[in-house]
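We number each residue from 1, following the sequence as shown.
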Amino acid sequence: MTIAHAIARAWLSTGGTGAQNYDEFADETEITDIIAANPASALAVEMPHRAPENLGRSFAETLPSARARLDAAQADGHYRPHERIVALYRISGAGQVGYGLWTMIDTDQISTSAEEPGLVIRNEDVFLEKVRERVALAQAVGRLLSPVLLLQTALGDRLQDALVRTVLAAGAPDVTDTDQAGRTHEVWAVPAGPTQDELLALAGGGELVVADGNHRSLAAQTAGYPRFLAVVTTPQSVAIQPYNRLVSELPDGVDGLLAGLRAAGATVTSVDAADVPTGRGTVIAYAGGQAYAITLPPDPTARPVDNLDHALVERVLLRDALGLDPGDKRITYVGGDYPASWLAGEVDAGRAELAVLVAPVTVEDFVAVNLGRQKLPRKSTWFTPKARAGLVVADLSAQG
């Protein structure tokens with residue numbers, strides 16, 4: 001049995017459409033700049049309200065322009081149609097090489113608790129507003145441009161071997177794209193046949209953990225789509241980078257923050273630099289031109305997952321010390337593509353009052369937490385290399 005299937009009608013990029021996923025930006029003005037420089041970017045479809053001509057209009061108001069833009073991109077040759085394919089994926093550069101398979105995954109296999117059957121494990125909190133936007137976009141354009149990134153945990157070694165072997169024998173790629181970090185993204189269409197059957201059996205033959213795309217997978221469920229677009233990869237092909245936070249406003253200033261932390265049982269020590277911690281147990285805060293090493297008190301009665309650094313930041317630093325819910329609009333979640341110096345610069349420039357730097361979760365911890373059917377705090381993991389949006393597009397009308 002496999003829960004992975006060929007993409008009934010796929011559109012593969014002919015160049016220029018690849019983009020960072022819509023939720024990878026700490027500052028959405030960057031999206032506008034990218035679209036202005038490259039109108040063919042998939043970001044113009046995924047985030048139509050950030051297109052230069054739509055600024056000031058709401059996401060919902062600009063959905064018709066998203067469909068028109070994608071229709072035009074297909075009509076003018078930015079995409080080439082394929083029938084019943086899967087797609088090999090290799091990402092190389094920045095010291096990493098990752099492999100994956102673009103495919104469609106059965107939505108009814110998504111499981112969010114140990115009591116809910118299914119081979120697709122999603123155990124991270126989401127922002128419902130973002131889910132609603134993804135549903136509205138898919139319904140408006142009738143296609144999926146951003147994949148959910150899934151880790152094959154049971155057959156990962158065999159899938160990795162098969163992907164590497166098949167890529168080496170595949171010849172020139174059908175799509176080549178370069179991302180903002182200089183990584184090369186290559187895609188090969190694999191038609192129906194024994195090779196496709198082997199890859200689908202391995203990709204969808206064991207438990208899959210949602211590594212990126214919790215909102216997109218829930219959107220597929222909410223919209224009632226039988227399958228969703230995914231890139232299935234392996235633990236060997238990914239790494240997890242830091243996922244940090246910026247807080248735009250400190251309700252009681254820096255002194256109030258430090259007092260609140262100490263009252264909550266944290267140990268606070270001034271340090272020379274605002275760098276990402278190299279290991280668990282201490283987070284770094286930067287505010288008012290000073291960096292602080294903070295040891296947040298664990299809860300001895302809690303599960304291990306609830307004492308991970310990201311959970312302690314939510315519970316002790318944000319809630320107890322600052323009185324902020326993790327979904328508060330004053331908190332910006334900043335992925336690993338942005339270095340510690342960038343976060344400190346945002347504070348120094350006055351665009352934020354606090355930066356919180358957190359050591360990355362390990363791939364091993366991530367898999368263990370999910371297979372143990374526990375829930376990570378939202379925005380805990382920034383996987384690299386990231387699958388690009390707009391390289392493979394799935395037509396929703398052809399699902400089945």
A.B. asks: Counting N and O atoms only, with roles assigned by atom type, does the side chain of Asp309 sit under 3.5 Å from a partner on the main chain of Gly281, one being a donor and the other an acceptor?
C.D. replies: yes
A.B. asks: Would you please name every residue forming a salt bridge (Lys or Arg N to Asp or Glu O under 4.0 Å) with Arg303, sequence neighbours left out?
C.D. replies: Asp306
A.B. asks: Would a single hydrophobic cluster contain both Leu150 and Tyr89, if residues Ile, Leu, Val, Met, Phe, Trp and Tyr are joined by side-chain heavy-atom contacts under 4.5 Å?
C.D. replies: no
A.B. asks: To the nearest 0.5 Å, tell me how far Asn54 CG sits from Ser65 OG.
C.D. replies: 4.0 Å
A.B. asks: Taking it one step at a time, do Tyr286 and Leu343 satisfy side chain to side chain contact (heavy atoms under 4.5 Å, CB included)?
C.D. replies: CA-CA 9 Å; Tyr286 181 75; Leu343 282 97; over 6 Å; no
A.B. asks: Membership question, hydrophobic clusters at under 4.5 Å side-chain separation (ILVMFWY): are Val164 and Leu200 in the same one?
C.D. replies: yes
A.B. asks: Is the shortest side-chain N to carboxylate O distance from Glu129 to Lys329 below 4.0 Å?
C.D. replies: yes
A.B. asks: Report yes or no: does Gln160 contribute a side-chain atom to a donor-acceptor pair with the main-chain N or O of Gly156 at less than 3.5 Å?
C.D. replies: no
A.B. asks: Examine distances only and state if a side-chain atom of Glu186 and a backbone atom of Ser92 form a donor-acceptor pair shorter than 3.5 Å.
C.D. replies: no
A.B. asks: When you measure from the side chain of Glu28 to the backbone N and O of Ile31, does any donor-acceptor pair fall under 3.5 Å?
C.D. replies: no
A.B. asks: Decide yes or no for Leu246 and Ile331: does some side-chain heavy atom of the first lie under 4.5 Å from some side-chain heavy atom of the second?
C.D. replies: no
A.B. asks: Quick one, Gln20 with Asp179, criterion side chain to side chain donor-acceptor pair (under 3.5 Å). Give me CA distance, side-chain angles, the key distance, then yes/no.
C.D. replies: CA-CA 8 Å; Gln20 292 169 259; Asp179 68 21; over 6 Å; no
A.B. asks: Where do Thr384 and Val238 land on the side chain to side chain contact (heavy atoms under 4.5 Å, CB included) test, with the steps shown first?
C.D. replies: CA-CA 6 Å; Thr384 59; Val238 295; over 6 Å; no
A.B. asks: Give a yes or no on whether Val86 and Val232 share a hydrophobic cluster (residues Ile, Leu, Val, Met, Phe, Trp, Tyr; joining criterion: side-chain heavy atoms under 4.5 Å apart).
C.D. replies: yes
A.B. asks: Give the minimum heavy-atom separation between Arg69 and Ala44, together with the two atoms involved.
C.D. replies: CD-CB, 3.1 Å
A.B. asks: Quick check for you: to the nearest 0.5 Å, what is the distance between Met104 atom CE and Leu229 atom CG?
C.D. replies: 6.0 Å
A.B. asks: Which of these passes side-chain contact (heavy atoms from CB on, under 4.5 Å) with Ile105: Leu208, Ile110, Thr2?
C.D. replies: Leu208
A.B. asks: Locate the shortest heavy-atom distance separating Phe59 from Glu46; write the atom from each residue and the value.
C.D. replies: CE1-O, 3.7 Å
A.B. asks: Is the terminal nitrogen or CZ of Arg378 (NZ for Lys, CZ for Arg) located under 6.0 angstrom from the six-membered ring centre of Phe127 and within 45° of that ring's axis?
C.D. replies: yes
A.B. asks: Could you give the distance from OG1 (Thr153) to CD1 (Ile121), rounded to the nearest 0.5 Å?
C.D. replies: 6.5 Å
A.B. asks: Once you round to the nearest 0.5 Å, how far does CZ of Arg90 lie from OG1 of Thr176?
C.D. replies: 9.5 Å
A.B. asks: If you compare all heavy atoms of Ala287 against all heavy atoms of Val254, which two are closest, and at what distance to 0.1 Å?
C.D. replies: CB-CG2, 3.8 Å
A.B. asks: Could you walk me through whether Ser217 and Arg122 pass the side chain to side chain donor-acceptor pair (under 3.5 Å) test, one step at a time?
C.D. replies: CA-CA 8 Å; Ser217 61; Arg122 185 183 67 230; 3.2 Å; yes
A.B. asks: Only counting residues at least two apart or in another chain, list the ones meeting salt bridge (Lys or Arg N to Asp or Glu O under 4.0 Å) with Arg50.
C.D. replies: none
A.B. asks: Any donor-acceptor pair under 3.5 Å linking the side chain of Tyr292 with the backbone of Val271?
C.D. replies: no
A.B. asks: Is the shortest heavy-atom distance from the side chain of Leu396 to the side chain of Leu144 under 4.5 Å?
C.D. replies: yes
A.B. asks: Checking the side chain of Thr166 only, and the main-chain atoms of Ala162 only, is there a donor and an acceptor separated by less than 3.5 Å?
C.D. replies: yes
A.B. asks: Is there a donor-acceptor contact under 3.5 Å from the side chain of Ser237 to the main chain of Tyr99?
C.D. replies: yes
A.B. asks: Within the 4.5 Å heavy-atom criterion, are Val45 and Leu145 side-chain neighbours or not?
C.D. replies: yes
A.B. asks: Quick check: does any side chain N or O of Trp188 sit under 3.5 Å from a backbone N or O of Gly171, one acting as donor and the other as acceptor?
C.D. replies: yes
A.B. asks: Where do Trp102 and Pro147 come nearest, in terms of heavy atoms and distance?
C.D. replies: CZ3-CG, 3.5 Å
A.B. asks: Evaluate the criterion side chain to side chain donor-acceptor pair (under 3.5 Å) for residue pair Asn307 and Arg280; output intermediate values, then yes/no.
C.D. replies: CA-CA 10 Å; Asn307 282 324; Arg280 286 175 57 179; over 6 Å; no
A.B. asks: Going by an N to O cut-off under 4.0 Å, is there a salt bridge joining Arg67 and Asp71?
C.D. replies: yes
A.B. asks: Which pairs count as ring-ring contact (aromatic ring centres under 6.0 Å, His included) when at least one residue sits in residues 377-397, sequence neighbours excluded?
C.D. replies: Tyr243-Trp382, Phe366-Phe383
A.B. asks: May I ask you to decide if Thr184's main-chain N or O and Thr178's side chain share a donor-acceptor pair within less than 3.5 Å?
C.D. replies: no
A.B. asks: Run the side chain to side chain contact (heavy atoms under 4.5 Å, CB included) check on Val313 and Leu296 step by step: do they pass?
C.D. replies: CA-CA 8 Å; Val313 166; Leu296 299 169; 4.0 Å; yes
A.B. asks: Taking 4.0 angstrom as the limit, do Arg373 and Glu115 come out as a salt bridge?
C.D. replies: no
A.B. asks: Closest approach of Ile284 and Asp275, non-hydrogen atoms and distance?
C.D. replies: CG1-O, 3.2 Å
A.B. asks: Answer yes or no: is there a donor N or O on one side and an acceptor on the other, between the side chain of Asp106 and the main chain of Asp108, under 3.5 Å?
C.D. replies: no
A.B. asks: Apply the test side chain to side chain contact (heavy atoms under 4.5 Å, CB included) to residues Ile91 and Val97: give CA-CA distance (whole Å), side-chain angles for both, the deciding distance (0.1 Å), then the verdict.
C.D. replies: CA-CA 6 Å; Ile91 311 171; Val97 180; over 6 Å; no
A.B. asks: Side chain to side chain donor-acceptor pair (under 3.5 Å) for Asn370 and Glu207? Distances and angles first, verdict last.
C.D. replies: CA-CA 10 Å; Asn370 279 275; Glu207 286 183 309; over 6 Å; no
A.B. asks: In terms of side-chain geometry, is the basic nitrogen of Arg388 or Asp177 positioned less than 4.0 Å from the acidic oxygen of its partner?
C.D. replies: yes
A.B. asks: Quick one: list whatever passes salt bridge (Lys or Arg N to Asp or Glu O under 4.0 Å) with Glu30, sequence neighbours left out.
C.D. replies: none
A.B. asks: Can you tell me how far CG of Leu218 sits from OG1 of Thr107, rounded to the nearest 0.5 angstrom?
C.D. replies: 11.0 Å
A.B. asks: With clusters defined by side-chain heavy atoms of hydrophobic residues (ILVMFWY) lying less than 4.5 Å apart, directly or transitively, does Leu318 cluster with Leu357?
C.D. replies: no
A.B. asks: Salt bridge between Glu314 and Lys379, side-chain N to carboxylate O under 4.0 Å?
C.D. replies: no
A.B. asks: Tell me whether Val367 shares a hydrophobic cluster with Ile240, the cluster being built from Ile, Leu, Val, Met, Phe, Trp, Tyr side chains joined at under 4.5 Å.
C.D. replies: yes
A.B. asks: Should Leu88 and Leu163 count as side-chain neighbours, where that means a heavy-atom distance under 4.5 Å?
C.D. replies: yes
A.B. asks: For Arg319, give me all partners under salt bridge (Lys or Arg N to Asp or Glu O under 4.0 Å), at least two apart in sequence or on another chain.
C.D. replies: none
A.B. asks: If I take atom CG from residue Leu149 and atom CG from residue Asn21, how far apart are they, to the nearest 0.5 angstrom?
C.D. replies: 9.0 Å
A.B. asks: Does a salt bridge link Arg80 with Asp174, judged by any charged N lying under 4.0 Å from a carboxylate O?
C.D. replies: no
A.B. asks: Show me the side-chain donor-acceptor pairs of residues 256-269 shorter than 3.5 Å, one per line, residues at least two apart or across chains.
C.D. replies:
none

A.B. asks: Looking at every heavy atom in both Asp395 and Gly142, which two are closest together, and how far apart are they?
C.D. replies: OD1-O, 3.7 Å
